Amino acid sequence: MFYALLIIIAVLALLAVSLYNRLVRLRNNRENAFADIDVQLKQRLDLIPQLVEAVKAYMKHESTVLTDITKARASAIEAKGIDEKIAADGKLSSALQGLRVAVEAYPDLKASTNFIQLQEEISDIENKLAAARRFFNSATKELNNAVETFPSNLLAGMFGFKRETMYDLAESRAQAEETPKLNF
Amino acid sequence: MKYIGLSRQIWNNNIKSVVLLILFPIVILGLVWLFVFLMQPLNDYRIERANQLFIMSVPWVVAGVGLWFVIAWFSHTGMIERATGSAPLSRKENKRIYNLVENLCISVGMPMPKVNVINDDSLNAFASGISTNTFTVSLSRGIIEKLNDEELESVIAHELTHIRNRDVRLLIVSIIFVGIFAFLTEALVRTVRFSGGGSGRKDGRAVAVALMLAAVGYFLSSIFRFAISRQREYMADAGSATMTKNPLALASALEKISVDSQIEAVRRNDIAQMFIDNPQDKKVRPVSFSIGALFMTHPPIEKRIALLRQF
């Protein structure tokens, strides 16, 4: 009887350890996934000054679009932690979207090889960003599932694992749609 | 035929793979025992004597198979490249392919494999390798030129799924095992042909029995191999569909591929089974449907397309 009890306790302890390890693994996975995003975000930040320079020469009247971008870039560089970075990236994306709309009015700019090349590089990075985001979201979903389903939710509560945010494009897209402010 | 859940399918196939891999050595050892048993004179101690001899021969057999295995394990990359005539593709040469492969890899968080190009106009592709350093996706020049971005992406995703599921490693392991039997059979056939009767009846009988057993082993291991590879094509198709969220692109890619998938340089059956479509299956089919189906490495392409359409 005593041994049976002992065995049951040992089995439960083993189960708890493996569940805890799984939670830790999933959280690390999510952080790793964000590191992939971070690489692409940094590359995009590095390209923006060049883009602004290239555009400046042609776009004399729309400095607000450019200052928006510069400001968004500055706050993106400052951003710390996953949630802040996600928010900053949303703002930067919508600022860039604003530029894309504004550029439509400048055929010379659109035709310049320098600008085309930069545009290509940026859209390349944005494709990679989208891919990295998909991976990040699936890692986040896996973590959230583990945090909220029985029996791992018991341990999650005890050790401070919580539901994490997805990398949602809905917000930044909504911003992007209202952004185009063209001052002619 | 309907799709069952992907994770369950992966689980099923992993179990099967492990079983098959355990079966290979058992078949080898079983045949060795049978050989020793058949070589004993008929008397009451036959089984005991056979067991004794068998136990004595086990270390030698295991060492021999192990040595073969190690050599093949380390030299297969070069052998496959030579057999298919493929060469590495650099990023500068083809940015389009690199972007497709890299983006797919990022989206599932896997390290990027090498990319090779097979210098051939027909449409085909395969994955190979046994570890992160050697994983390779090979695409024919024809498939790069004739498919659009979406279709090519789905084909690459199919090959990446083979890598993620570790199909390629298993396939290479099984190719190595089958190779052992093929080698033994061939070696014995030559011995029979060139020894010319010669040294007494017992030797003759030994060779004949060994030849028969090697043939049985070759036959069995071939069936294992085909079972492994066919299951996996459906899984890789499903994996591609979940990676790209676009099963119809793979369906239309398969349609285009089925028209001309014969890589002219590749004559060897064991290499041909690695491709996304194995045209040599089609030659087998008309002979006898059931036997043909047993030896096909890939499911019929029409069946795969139909499954993708209902995904």
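In what follows, chains carry the letters A, B, and so on, assigned in the order in which the sequence lines appear, proteins first and then strands, with residues in each chain numbered from 1. What you see is a predicted model; the values in this text were computed from it and never measured.
Looking at B/M243, only its backbone comes within 4.5 Å of chain A, counting heavy atoms on both sides. The contact between A/A132 and chain B is made by backbone and side chain atoms together, counting heavy-atom distances below 4.5 Å. When heavy atoms are compared at a cutoff of 4.5 Å, A/N32 does not approach chain B at all.
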Between A/R134 and B/I106, does the side chain to side chain contact (heavy atoms under 4.5 Å, CB included) criterion hold? Intermediate values first, please. CA-CA 9 Å; A/R134 264 202 284 172; B/I106 291 174; over 6 Å; no

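Counting heavy atoms from C-beta outward, A/D124 and B/N99 have side chains that approach closer than 4.5 Å.
Around the CD atom of A/E84, the shell of radius 6.0 Å holds more than 12 heavy atoms that belong to other residues, nucleotides or ligands. The local environment of CZ in A/R22 is sparse, with at most 12 non-hydrogen atoms from other residues, nucleotides or ligands closer than 6.0 Å.
The CG atom of A/N137 sits 11.5 Å away from the OG atom of B/S107 when rounded to the nearest 0.5 Å.
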